[in-house]
Number of protein chains: 2
Amino acid sequence: MNWQSITFDWNQARAFLVTAEEGSLSAAARALGLTQPTLSRQVAALEEALGVTLFERVNKSLMLTEAGVELAEHVRSMGEAASRVSLAASGQSQQIEGLVTISTTDVMAAYLLPDILKDLRRKAPGIEVRVISTNSLSDLRRREADIAIRHVAPDHPELYARKLRDANGRIFAARSYLEQFGRTLTKHDAPDLDFLGYEDNEQLIGYLRALGLDVTQANIKISSPNLLVAWEYVRLGFGLGVGADEIAARCPEIVPAFEDVPSLSFPIWLVTHRELHTSLRIRTVFDHLAEGLLAVKSQAKT
Amino acid sequence: MNWQSITFDWNQARAFLVTAEEGSLSAAARALGLTQPTLSRQVAALEEALGVTLFERVNKSLMLTEAGVELAEHVRSMGEAASRVSLAASGQSQQIEGLVTISTTDVMAAYLLPDILKDLRRKAPGIEVRVISTNSLSDLRRREADIAIRHVAPDHPELYARKLRDANGRIFAARSYLEQFGRTLTKHDAPDLDFLGYEDNEQLIGYLRALGLDVTQANIKISSPNLLVAWEYVRLGFGLGVGADEIAARCPEIVPAFEDVPSLSFPIWLVTHRELHTSLRIRTVFDHLAEGLLAVKSQAKT
DNA sequence: TAGGTGATATACAAATTTGCATGAACTGGC
DNA sequence: GCCAGTTCATGCAAATTTGTATATCACCTA
């Protein structure tokens with residue numbers, strides 16, 4: 001092998017990659033945790049070393065040159081390989097310490113995780129946990145998280161998934177909200193009720209109608225894509241909201257709204273990257289989460 | 001994109017790659033033009049950063065661990081991408097200066113190239129030329145050379161090739177060698193003659209027999225895989241040797257050995273990497289070589 | 001058994017790279 | 001038109017990385 005051809009500074013290549021992707025030296029510096037002057041010099045040095053002008057400096061901003069576009073393509077594949085290096089390294093690491101990022105819904109993060117994480121801290125004090133609560137399916141494959149709690153089965157072969165159990169959800173309301181009716185609600189009351197909306201209210205209405213509730217967009221007066229906020233509004237008596245039984249069980253002031261509306265079932269999946277699952281650190285958290293999330297069920301039953 | 005996962009030091013990854021491939025820190029240091037302590041520290045730092053033991057240090061030597069083998073795989077693909085970066089960069093570079101490596105046979109390098117390169121130095125003084133004369137087909141794809149002069153058509157789609165012309169070769173001898181016979185040789189003399197051997201004498205004998213010469217291994221008393229050395233022996237009268245007409249034309253003491261043996265024709269191809277051919281520097285040399293090697297023909301005719 | 005070769009690790013000084021501070025120039029909102 | 005917010009480039013001091021020199025160990029040969 002001719003190693004001479006790869007003796008350019010690989011960190012400068014990384015600087016170029018991130019600058020090209022982020023669009024500016026400053027943004028790249030922020031992304032990499034370096035400073036803008038450093039990136040500026042690294043990119044300039046790479047141009048010098050390769051004998052190619054990568055960016056057109058026009059008006060204090062950067063534009064990729066034609067050559068830059070072509071080179072960015074190849075540097076990107078370096079970056080993808082680097083990403084795999086990092087992934088494999090995390091998987092190979094057998095230390096029970098370091099950062100583990102968990103992705104889940106904000107409601108889960110707020111209500112179910114705290115107890116589980118408290119135990120984890122005792123069991124594995126070297127592990128630092130970072131919870132990113134996002135409703136969108138954060139992509140494990142892009143390493144935005146190490147472990148995700150999902151309610152749909154992942155289909156990508158790179159991912160390792162374990163279905164923990166099915167959980168039940170239903171429509172809840174605060175006692176204070178129900179008091180104004182002075183009686184138990186039935187599905188015939190639906191057109192006159194207030195429902196809390198989430199991100200996609202069309203979809204929500206579809207679900208509700210499937211349950212036999214005659215509701216329209218007009219029944220949704222307040223929405224929040226932040227489920228935690230919406231759930232707080234339910235708790236405060238602004239209206240009815242869909243939630244999981246085991247979450248509601250932790251809120252004494254919230255009770256099932258209807259007697260005659262069936263509960264719906266949804267699965268709880270624990271997902272990680274296949275390569276990461278060999279990591280002792282990741283596996284420790286994975287197994288602990290699995291155990292903890294299964295235990296919640298029995299708690300909810302009592 | 002999550003850039004956090006690629007913030008390990010890429011140069012350390014390169015250090016690991018070359019160390020793993022070369023088998024030792026010292027060899028890697030030589031290959032990269034760095035020192036052994038530097039490599040030692042870079043590899044150790046990478047192990048620290050990734051939290052993975054890459055090498056087992058046993059008896060002052062290194063053995064890849066299982067994790068190291070797995071990671072080496074991914075780092076290798078980083079290296080391959082880096083190689084493509086370098087290749088593309090060379091291709092994009094529009095400077096008429098820098099190093100160009102030419103691969104050809106030693107005989108070509110010694111007899112045909114000097115004049116051509118002399119002109120090139122005048123035409124493009126900024127270009128530094130390095131001639132690696134090897135008989136084996138040095139792999140352009142591995143960047144061991146930028147331009148190669150070949151006698152077979154390359155078949156790889158990554159390569160750009162131009163067939164310059166056909167050249168003639170035949171069997172030559174020094175006048176001093178022929179004098180001992182006092183007459184013109186014919187193919188019937190073959191069993192009693194001395195032939196110079198090259199690398200693969202079986203193959204050479206096959207060629208000679210195909211020309212109607214009844215020779216065996218016993219006719220080859222002296223061989224050298226270095227064609228230049230063998231040709232020098234022909235010149236000094238040690239025996240007969242196969243050579244190109246245009247080379248022989250430059251050696252007054254060498255003349256065709258037989259009257260009744262036909263000449264054989266072989267093509268001259270100029271080959272470079274497809275991506276490199278867009279480089280002004282490479283192209284300058286490529287075109288100059290093409291022009292020069294075509295001009296040799298008319299010279300030989302006169 | 002002695003000596004030569006070749007491997008890795010470490011102390012220390014030199015060289016390089018980095019971050020901070022700053023200046024200049026452009027963009028967009030008011 | 002002006003001002004706040006961003007951008008990139010550069011001087012300078014601090015931090016990091018590198019190379020040199022050296023110690024140690026293993027292996028092979030005479």
Per the side-chain contact (heavy atoms from CB on, under 4.5 Å) rule, which among B:Thr101, B:Val271, B:Val285, B:Leu140 passes with B:Ile147? B:Val285
Side-chain N or O of A:Thr38 closer than 4.0 Å to phosphate OP1/OP2 of C:dG19: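 For C:dG19, OP1 or OP2 has a side-chain N or O of A:Thr38 closer than 4.0 Å.
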Send over the distance from [X] [atom1] to [N] [atom2], rounded to a whole Å.
| X | N | atom1 | atom2 | result |
| --- | --- | --- | --- | --- |
| A:Asp9 | D:dT18 | CG | C1' | 13 Å |
| A:Arg14 | C:dT17 | CZ | C1' | 13 Å |
| B:Leu34 | D:dT18 | CG | C1' | 9 Å |
| B:Leu39 | D:dT18 | CG | P | 9 Å |
| A:Arg41 | C:dT16 | CZ | P | 15 Å |
| A:Phe55 | D:dT7 | CZ | C1' | 14 Å |
| A:Met63 | C:dT27 | CE | P | 13 Å |
| A:Glu22 | D:dC8 | CD | P | 12 Å |

Is there a donor N/O on one and an acceptor N/O on the other, under 3.5 Å, for the side chain of B:Gln36 and the base of C:dA9? yes
Classify B:Ser24 by what it touches in the nucleic acid, base, sugar-phosphate, or nothing, heavy-atom distance under 4.0 Å. sugar-phosphate
Taking for each residue the nucleotide of DNA chain C with the nearest heavy atom, is it B:Leu62 or A:Gln12 whose nucleotide lies nearer the 5' end?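 Residue closer to the 5' terminus by nearest nucleotide: B:Leu62.
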Is it the case that over 12 heavy atoms from other parts of the model lie below 6.0 angstrom from the NZ atom of B:Lys221? yes
Please report the interatomic distance OG(B:Ser279) to CG(B:Leu87), rounded to the nearest 0.5 Å.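 If we round to the nearest 0.5 Å, B:Ser279:OG and B:Leu87:CG are 10.5 Å apart.
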Proximal nucleotide (of [options]) relative to the [X] side chain:
| X | options | answer |
| --- | --- | --- |
| B:Ser26 | C:dT8, D:dT7, D:dT10 | C:dT8 |
| A:Arg30 | C:dG19, D:dT7, C:dA7 | D:dT7 |
| A:Pro37 | D:dC8, D:dT18, C:dC20 | C:dC20 |

Angle class for the A:His277/A:Tyr160 ring planes (parallel below 30°, perpendicular above 60°, tilted otherwise)? parallel
Heavy-atom closest contact (B:Gly79 atom, A:Trp10 atom, distance):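 The answer is CA-CH2, 3.6 Å.
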